[in-house]
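Below is one structure; the comments refer to it alone.
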Amino acid sequence: MFDGGAVTFNTSSSPLQVFKNIVNARWRLPAGISSLLLMVYVFIYSSDFLILLNPVDALASLQFTASGGGTDDARSDQIEEFKATLGIGIYIFVLLYSVFFLKTIVKTLVAHPHILLIIAVLLYGTTVSVNPQQVFFSTVQIGIGILIAIVYATQHSGSDRWDRKFCLTILFPVFLVHLYSFVLFFANELSVIEFAEGSARYGGLPGNPNVAGASAVLGVWSSLYILLGGGNSRAIKIYCSLALCLFAFTIVMSGSGTSITVSIAIIAMLIWLKFLTLFRSSVKRVVYVGSGVLVMFSLVGFILVNDATEELTETFTSSLGKRTDLTGRTELWEIAAAAIEERPFLGWSFDQHETVQENRKYVIPQDLGHFHNGFLDTAVAGGLVLLALVLWNMIGYVRNCFKTRGDTSFMYGFVGPVVILVLMNLSEYSLLRPLSVLFEFYLCAYFLLVMSRLAEEEAGAPVAIAPDARPVKIKSDRKRTSKGGVRYRF
């Protein structure tokens, strides 16, 4: 982190020297800038600007049929151009602001080479894509998201209760999105019973029921994490409680089976992890292992006793108002699997599946644009190499989470972002997706964990941390310590 200082500039200096002075200076910039940047990013890319800017006559864009749908609007293209222009402004600001943190960004990426490899695999797609410009632009969007996450983590990972502050930062724009959606629902005199029964689905301000549900899941985790973490004022407790009710309303009205399932899983997980904080460390291990074995044997026994697994699947899916093929998703997964089998290593390119759909065998039905499974979509775009790198990052997240001490007894609840990302991408697509709020949420949480662990370990014994290497304490050796004092064991 840049912890203060100032720099003076000579007006006769060359532009290159001025740039070096900026990079080498020690800056004390307000942490609120990166917080505001993240909130703006989350709000903009959680919102459909057609609905945001035309709330009075947006009724047709709010309602969906039980199987999908929505209505095209002639104004969409013009409004999307405005949103894209606004996005370019955000990119430029991020790039300029990142200059002040360039050293930290470089050190972070060098310590995590798998992230650089992800970018390299994405850019490789320009050599095989039918639309290399789209590959490049999509990769830039992923890169901007990484920069936002690193800068945010740089400015906040050393502060007290950084996990709680992150939740509050995410919660505010998500709350605004769903409050706007709530007002629109009743302003348009829509029927709660009709949407609750599943005969219609509500897209809200996000403009899509699945996106609205996914956004609400982030809000559920953030609100509940804050409440269970303790140390809150009465105002914060009321705010988070109202937010939970608001998000529950959106999830039910959206009719998203994925969001309903994931939100239930997240609530159960957080309550369980909070319960475990009541025990000492030695007892926790016994409870973890014992409960895991109990669940495993219970599931195996239940399946052996009940042979009709298809009937169980049908019962579960019908309870969510879905067909056993998950509204046609299994058909999409078969197409994706065939495409991966043809190009298993480096995929078809990161061009929103334009190249793969040039082959008629792999055309995605109904112009959906993706295969409704983030892991399959990632493997189609960048092959098994890209998928392995992304999974490696997730493993690093979990490892860092359970090794981070933090200043709260509820730190294990911070495993939520990776759990949400995994569960949501079993039937939706947000994994390594440009401008995905869910993926940006995950990236920020990941770098917060990495940098908070670094800060903790720098305060104690010098160790090197990275998901690509195991931390190793350095013995006293003048040659090594003079060159930085850390090494990696692979």
Side-chain angles (χ1 to χ4, degrees), residues 1 29-47 145 148-182 205-206 214-248 250-251 263 266-267 269-271 273-274 277 397 401 404 406-421 437-452 455:
M1 289 183 60
L29 298 173
I33 296 177
S34 57
S35 296
L36 181 61
L37 177 61
L38 180 58
M39 287 191 285
V40 170
Y41 185 96
V42 170
F43 182 82
I44 288 178
Y45 294 112
S46 296
S47 306
I148 292 174
I150 293 177
V151 169
Y152 178 85
T154 300
Q155 291 198 287
H156 293 84
S157 59
S159 61
D160 295 333
R161 297 294 303 274
W162 54 263
D163 52 329
R164 180 176 178 275
K165 291 177 181 178
F166 172 65
C167 291
L168 288 170
T169 301
I170 291 293
L171 181 60
F172 182 67
V174 174
F175 179 81
L176 289 181
V177 167
H178 292 278
L179 180 61
Y180 193 100
S181 301
F182 182 82
L205 181 57
S215 173
V217 170
L218 301 187
V220 168
W221 176 81
S222 300
S223 303
L224 200 54
Y225 185 93
I226 294 169
L227 289 172
L228 295 178
N232 301 302
S233 65
R234 180 180 295 180
I236 292 295
K237 291 178 182 177
I238 294 174
Y239 170 47
C240 291
S241 300
L242 290 175
L244 278 173
C245 296
L246 190 62
F247 300 139
T250 296
I251 290 172
S263 60
I266 287 297
I267 292 171
M269 182 196 74
L270 287 176
I271 293 174
L273 290 174
K274 181 62 177 178
T277 62
Y397 184 104
C401 185
T404 298
D407 54 3
T408 171
S409 60
F410 194 49
M411 193 63 232
Y412 286 173
F414 211 74
V415 75
V418 72
V419 173
I420 292 172
L421 188 69
V437 169
L438 175 53
F439 189 63
E440 183 64 25
F441 163 75
Y442 167 79
L443 284 176
C444 289
Y446 172 79
F447 285 111
L448 276 169
L449 281 172
V450 167
M451 293 188 178
S452 65

Sorted by chain and number, sequence neighbours left out, side chain to side chain contact (heavy atoms under 4.5 Å, CB included) with Ala445 holds for Phe166, Tyr397, Phe414, Pro417
Donor-acceptor pairs under 3.5 Å, side chain of residues 233-248 to any protein atom, not counting sequence neighbours: which ones?
unit_1: Ser233; atom_1: OG; unit_2: Ile236; atom_2: N; d: 3.3
unit_1: Ser241; atom_1: OG; unit_2: Lys237; atom_2: O; d: 2.7

Using every non-hydrogen atom in the two residues, find where Ser159 and Lys165 come nearest and quote the distance to one decimal. CB-NZ, 3.6 Å
For Ala31, does its backbone N or O pair with a side-chain atom of Ser34 as donor and acceptor, under 3.5 Å? yes
Tell me every residue that passes side chain to side chain contact (heavy atoms under 4.5 Å, CB included) with Ser35, counting only those two or more places apart in sequence or in another chain. Tyr152, His156, Thr169
Heavy atoms of Gly416 and Met269 approach each other most closely as CA-CE, 3.8 Å
Hey, is the main chain of Leu205 close enough, under 3.5 Å, to the side chain of Ser47 for a donor-acceptor pair? no
Could you give me the CA-CA distance, side-chain angles and deciding distance for Trp162 and Leu449, then say whether side-chain contact (heavy atoms from CB on, under 4.5 Å) is met? CA-CA 10 Å; Trp162 54 263; Leu449 281 172; 3.9 Å; yes
List in chain and number order the residues that pass side chain to side chain contact (heavy atoms under 4.5 Å, CB included) with Pro173, two or more places apart in sequence or in another chain; answer none if no residue qualifies. Met39, Val42, Phe43
Would you say Gln155's side chain and Ile33's backbone share a donor-acceptor pair under 3.5 angstrom? no
Would you indicate whether the side-chain heavy atoms of Val220 and Ile251 approach each other to under 4.5 Å? yes
Ring pair (Phe, Tyr, Trp, His ring centres under 6.0 Å) filter on Tyr41, not counting sequence neighbours, yields Tyr45
Closest non-hydrogen contact found for Ser222 with Leu171 is CB-CB, 4.3 Å
Please enumerate all residues that pass ring pair (Phe, Tyr, Trp, His ring centres under 6.0 Å) together with Phe439, with sequence neighbours excluded. none
Cys401 and Val415: which non-hydrogen atoms are nearest, and at how many Å? SG-N, 3.5 Å
Check whether Trp221 reaches the backbone of Gly413 with its side chain - one donor and one acceptor, N or O, closer than 3.5 Å. yes
Are side-chain heavy atoms of Leu38 and Cys444 found at a separation under 4.5 Å? yes
So do Leu218 and Leu438 actually touch side chain to side chain, heavy atoms under 4.5 Å? yes
4.5 Å side-chain heavy-atom contact, Leu168 and Tyr225: no
